[in-house]
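Starting from 1, each residue takes its place in the sequence as its number. These figures come from a predicted structure and were not determined experimentally.
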Amino acid sequence: MFGLFKSNPTKKMRKELKQLQEKAMEMQRNGNIRDSSHISQQADELWNKIQALESQNK
């Protein structure tokens, strides 16, 4: 009952991950491979943080 109003910490992170992935895709389509790989690396690091948080909550 008390968990009803508890926010999900990974929800915001997943939204940010989606935005990073879309930004990297657009950069790659426009030929900006170097910046695309940099953004993809940030997305990978964020994904690892999400997985770590979710494994702690189980």
### Trace of the side-chain contact (heavy atoms from CB on, under 4.5 Å) decision for Q21 with I39
CA-CA 8 Å; Q21 289 172 335; I39 299 293; over 6 Å; no
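- At a threshold of 4.0 Å, the pair E26-R29 counts as salt-bridged, since one of the basic side-chain nitrogens sits closer than that to a carboxylate oxygen.
- With sequence neighbours left out, T10 forms a side chain to side chain donor-acceptor pair (under 3.5 Å) with N8.
- We find the CD-CZ distance between Q28 and R34 to be 14.5 Å, quoted to the nearest 0.5 Å.
- Counting heavy atoms from C-beta outward, K23 and M27 have side chains that approach closer than 4.5 Å.
- Under the 3.5 Å distance criterion, the side-chain polar atoms of S36 are left unmatched by any main-chain donor or acceptor of N32.
- Taking hydrophobic clusters as Ile, Leu, Val, Met, Phe, Trp and Tyr residues chained together by side-chain heavy-atom distances below 4.5 Å, L20 shares a cluster with L53.
- The two residues L17 and A43 have their closest heavy-atom pair at CD1-O, 3.2 Å.
- Interatomic distance, CD1 of I50 versus CD of E45, reported as 12.5 Å (0.5 Å rounding).
- Using a 4.0 Å cut-off between charged side-chain N and carboxylate O, R14 and E54 make a salt bridge.
- Note: Q19 CD to E16 CD = 7.0 Å, rounded to the nearest 0.5 Å.
- The local environment of CD in Q42 is crowded, with over 12 non-hydrogen atoms from other residues, nucleotides or ligands closer than 6.0 Å.
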